[in-house]
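Here is how names work: the chains are called A, B, and so on, in the same order as the sequence lines, proteins then strands, and each is numbered from 1.
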Amino acid sequence: MAETSPDNSGEQLVIKAGGGKALDLEAIAADVGSLWRAGRRVVLVHGGAETTNEVAEQLGHPPQFVTSESGYSSRRTDRRTLEIFEMVYCGLLNKRWVELLQRQGVAAVGLSGLDGRLFEGRRKDKLRIRRGGRRMVLRDDWTGTVEKVNGELLRLLLGGGYLPVLTPPGASFDGEAVNVDGDRAAAALATALGAPTLVYLSATPGLLADFPDEDSLIPRFEVARDALSGAAPDAGLEPLSAAAEDRMKKKVLGAAEALRGGAGRIIFADGRAERPVRAALDGAGTHVVVRPGPREEAR
Amino acid sequence: MAETSPDNSGEQLVIKAGGGKALDLEAIAADVGSLWRAGRRVVLVHGGAETTNEVAEQLGHPPQFVTSESGYSSRRTDRRTLEIFEMVYCGLLNKRWVELLQRQGVAAVGLSGLDGRLFEGRRKDKLRIRRGGRRMVLRDDWTGTVEKVNGELLRLLLGGGYLPVLTPPGASFDGEAVNVDGDRAAAALATALGAPTLVYLSATPGLLADFPDEDSLIPRFEVARDALSGAAPDAGLEPLSAAAEDRMKKKVLGAAEALRGGAGRIIFADGRAERPVRAALDGAGTHVVVRPGPREEAR
Amino acid sequence: MELQTVDADSECPECFESVRLEAVMQHEIVQCAGCGIDLEVIELDPVSLELAPEEEEDWGE
Amino acid sequence: MELQTVDADSECPECFESVRLEAVMQHEIVQCAGCGIDLEVIELDPVSLELAPEEEEDWGE
């Protein structure tokens, strides 16, 4: 293990738990509960893609995925899909997480990014996509970016002793519900709260140099602060995003954004492990850290 | 119109909007938005029974209703039903209300009674029911009472300038999600906040002396404070609960509870009307008021 | 699938009088002829009886 | 239901050169041979073209 984490319980911790059904929600909730009872202030962001696909099928509105011109795959989010997305993310899964935490004695409060405009940004109602060799414009899409985080509402809740459990969707500047990327929202959240550590939990040990070989775990990656300010969205972390497969790519972009926003440490860890958050804080998974540059005062 | 409401914008207002699809959510949201912008502090509670039945059918888990031994009909809430209930109440409808209000420029925050244990009570995992002439014990039921309201979290949000949009489920004392009656939760909420006025909006002009004749609207019902403290749950309002048909009976029980808790005025008004809340505050619908008794200091 | 019913003789856990059960279902509430208390049919095979849970003021949801 | 495609001649709204469209679909992006700008096929019958929306840095959800 590279380092054992000092029990800096005062420090803010942001955890993004992936949506995969391989994750043991109960184990993660128990771990977060013990951190919270030890005084650690935590904000949890969760996903739900896999379950949303299943429910969409059952409701006869199967999910459609489109590939954006720049090659990223995303969920076609027409209004009906957005409503199914809300039912699963905000209804089923958000309240499942809150219930699991409440049963651990944690004062969990579940909110979406629409509530109090916790995640706010621009609605991209037109998408340029590739479909069957054609370039197309896709209209009536309900997806958006995360450009602002309502840190004031979060501090209000954290100050009141609550543990915010957050989920997409977010809000457009006009107050519309928009499907936003949870990994990127978690990065914006870490920046807004000045959280030194952001932990991404998913169904893999961490970033793998040779996917899917789980023994090729990259334990640590140091980046110089000024390397982060390049033009590319993954500036400074290019080797990591090159190695990352599709869904992980977005988490690496999130990591780059969080590091640019001032976070000192991003951990990609295994959400299936025993006490996954503690293990991550104690060194497990891939630790992406900013190498303190000459101008860098102690963080 | 019996009375025009003084624009006591400081006073707390609790609104319970029924779940019926006949209600014009957009019109109600616009009306609430204008009250909120005028400085009125509002908490909205919403239902969702009708939509839940539809989604339960689509998901192949059709709703089952049971009649309790004391004759009240309620939704059989096994775990699968509870999850569908959460998807519709907390996912689809709660975020629809929040979105409608956000688009009106209102800082709406959607929460269930599970979040921060806003509605907390005892889980009734065993129900005594009548089925086909038999008396039965129904186990594995996820319904509960509302005995405590987290007024502190609500005041935190209201103080921060937010408009809480609340929905069942509630939380059991063990932190489990339980299906609770929204009308009764609204009554407990009014009591916890010391709100002088509770407005029930539903798809009918108000309480009807001769259901379903909409011209038989009861405009006003005065009750002496000490008549409220009888043993029966509808003590003091017996004539109203006698006239009320099934779903309205529960709202009358809620009204009795809110009046016992200190509310001064309960209004049963038509959620389909133009500016339904303003109309209700200005005298429309059935106004149930406490006749100030001799010991009653000015409210 | 028609729910299973059973005829059987059992004993009241409260007053130990014998209780005659006719075409009862699992979780059905029956009244003891001896002491009048409400009993719940917990199991059918073999039949087992327990005091039925208290009737709670219940508004239903 | 196979999506409708159309062959047609139209005019680039940017440089007013004529634009030859072959088997295009509604909302398809085509490039103007004259000025190279991206155009969107807004309507098929009659064909209408507009500047295609900017390509946004899009991570997708």
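Residue contact with chain B, scored on non-hydrogen atoms closer than 4.5 Å, is absent for A:Leu118. Of the atoms belonging to A:Ala108, it is backbone heavy atoms, and not side-chain ones, that fall under 4.5 Å from chain B. Using a 4.5 Å cut-off between heavy atoms, B:Leu153 touches chain A through backbone and side chain atoms alike.
Minimum heavy-atom separation, B:Cys90 to A:Gly91: CB-CA, 3.9 Å.
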Compile the donor-acceptor pairs, distance criterion under 3.5 Å only, formed between chain A and chain B.
from: A:Arg79; atom 1: NH1; to: B:Glu99; atom 2: OE1; distance (Å): 3.4
from: A:Arg79; atom 1: NH1; to: B:Glu99; atom 2: OE2; distance (Å): 3.2
from: A:Arg79; atom 1: NH2; to: B:Glu99; atom 2: OE1; distance (Å): 2.5
from: A:Glu83; atom 1: OE2; to: B:Arg96; atom 2: NH2; distance (Å): 3.3
from: A:Lys95; atom 1: NZ; to: B:Asp115; atom 2: OD1; distance (Å): 3.3
from: A:Lys95; atom 1: NZ; to: B:Asp115; atom 2: OD2; distance (Å): 2.7
from: A:Arg96; atom 1: NH2; to: B:Glu83; atom 2: OE2; distance (Å): 3.3
from: A:Glu99; atom 1: OE1; to: B:Arg79; atom 2: NH1; distance (Å): 3.4
from: A:Glu99; atom 1: OE1; to: B:Arg79; atom 2: NH2; distance (Å): 2.5
from: A:Glu99; atom 1: OE2; to: B:Arg79; atom 2: NH1; distance (Å): 3.2
from: A:Glu99; atom 1: OE2; to: B:Ala177; atom 2: N; distance (Å): 2.7
from: A:Gln102; atom 1: O; to: B:Arg117; atom 2: NH2; distance (Å): 3.2
from: A:Gln102; atom 1: OE1; to: B:Arg117; atom 2: NE; distance (Å): 2.8
from: A:Gln102; atom 1: NE2; to: B:Leu114; atom 2: O; distance (Å): 3.3
from: A:Ala108; atom 1: O; to: B:Gly116; atom 2: N; distance (Å): 2.9
from: A:Gly110; atom 1: N; to: B:Asp115; atom 2: OD1; distance (Å): 2.7
from: A:Leu114; atom 1: O; to: B:Gln102; atom 2: NE2; distance (Å): 3.3
from: A:Asp115; atom 1: OD1; to: B:Lys95; atom 2: NZ; distance (Å): 3.3
from: A:Asp115; atom 1: OD1; to: B:Gly110; atom 2: N; distance (Å): 2.7
from: A:Asp115; atom 1: OD2; to: B:Lys95; atom 2: NZ; distance (Å): 2.8
from: A:Gly116; atom 1: N; to: B:Ala108; atom 2: O; distance (Å): 2.9
from: A:Arg117; atom 1: NE; to: B:Gln102; atom 2: OE1; distance (Å): 2.8
from: A:Arg117; atom 1: NH2; to: B:Gln102; atom 2: O; distance (Å): 3.1
from: A:Asn150; atom 1: ND2; to: B:Tyr162; atom 2: OH; distance (Å): 3.0
from: A:Glu152; atom 1: OE1; to: B:Tyr162; atom 2: OH; distance (Å): 3.1
from: A:Tyr162; atom 1: OH; to: B:Asn150; atom 2: ND2; distance (Å): 3.0
from: A:Tyr162; atom 1: OH; to: B:Glu152; atom 2: OE1; distance (Å): 3.1
from: A:Ala177; atom 1: N; to: B:Glu99; atom 2: OE2; distance (Å): 2.6

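From B:Leu111, atom CG reaches atom CG of A:Leu111 across 5.0 Å, with rounding to the nearest 0.5 Å.
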